[in-house]
Amino acid sequence: VQSALSNEVICPVCLRGPLFQNGNVFFCQCGMRLNLQADQLSLEQLRCSIEHAFGGHAATGCNLKPQCAVQNCGGYDMLVMVCSGCGHMDIVA
């Protein structure tokens, strides 16, 4: 998700605030915090992953907007997108 007025990446959780990056940690003023630990991912690469996930959902034909959340699995953070309407799920990062 990219802002129309700038190159900032909009938070996929709140869909309002910009994402920031500090090393391997991505965060937003809404409280979203994604620690990718050893994964070397840039803000631009994360933006592409978010867009790819939303595009994959749109390709299903579902008109509902999926929700993103950070989930911890085995001590590792993951950004997950889920649609409550069609059940589509994608691990974004």
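The shown structure was predicted, so the numbers you read here are calculated from the model rather than taken from an experiment.
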Peer 1: Please report the interatomic distance CG(Leu34) to CZ(Phe27), rounded to the nearest 0.5 Å.
Peer 2: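 Leu34 atom CG to Phe27 atom CZ measures 12.0 Å (nearest 0.5 Å).
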Peer 1: Indicate every side-chain donor-acceptor pair of residues 73-88 with a distance under 3.5 Å to a residue at least two apart or in another chain.
Peer 2:
residue	atom	partner	partner atom	Å
Asp77	OD1	Asn72	ND2	3.3
Asp77	OD2	Asn35	N	3.0

Peer 1: When rounded to the nearest 0.5 angstrom, what is the spacing between CD1 in Ile50 and CG in Asp90?
Peer 2: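 If we round to the nearest 0.5 Å, Ile50:CD1 and Asp90:CG are 11.5 Å apart.
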Peer 1: Rounded to the nearest 0.5 Å, what's the gap from CZ on Phe20 to CD on Gln29? Could you check?
Peer 2: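 Rounded to the nearest 0.5 Å, the CZ-CD separation comes out at 6.5 Å.
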Peer 1: So, do Arg33 and Val25 sit near enough that their side-chain heavy atoms are less than 4.5 Å apart?
Peer 2: yes
Peer 1: Starting at SG of Cys28, measure out to CD1 of Ile10 and round the result to the nearest 0.5 Å.
Peer 2: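 One gets 8.5 Å once the value is rounded to the nearest 0.5 Å.
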Peer 1: Which pair of heavy atoms, one from Ala93 and one from Leu41, lies closest together, and at what distance?
Peer 2: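 Closest pair (atom of Ala93, atom of Leu41, distance): CB-CD2, 4.2 Å.
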Peer 1: Enumerate the residue pairs fulfilling side chain to side chain donor-acceptor pair (under 3.5 Å) with a member in residues 54-68, sequence neighbours excluded, ordered by first and then second residue.
Peer 2: none
Peer 1: By side chain to side chain donor-acceptor pair (under 3.5 Å), which residues pair with Gln45, not counting sequence neighbours?
Peer 2: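 For Gln45, the residues satisfying side chain to side chain donor-acceptor pair (under 3.5 Å) (neighbours in sequence not counted) are Ser42.
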Peer 1: To check you understand the geometry: which heavy-atom pair defines the closest contact between Cys68 and Pro12, and what is its length?
Peer 2: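 That closest heavy-atom pairing would be CB-O, 3.3 Å.
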Peer 1: Could you check whether any side-chain N or O of Gln21 sits under 3.5 Å from a backbone N or O of Leu43, counting only pairs where one atom can act as donor and the other as acceptor?
Peer 2: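 It does hold such a pair.
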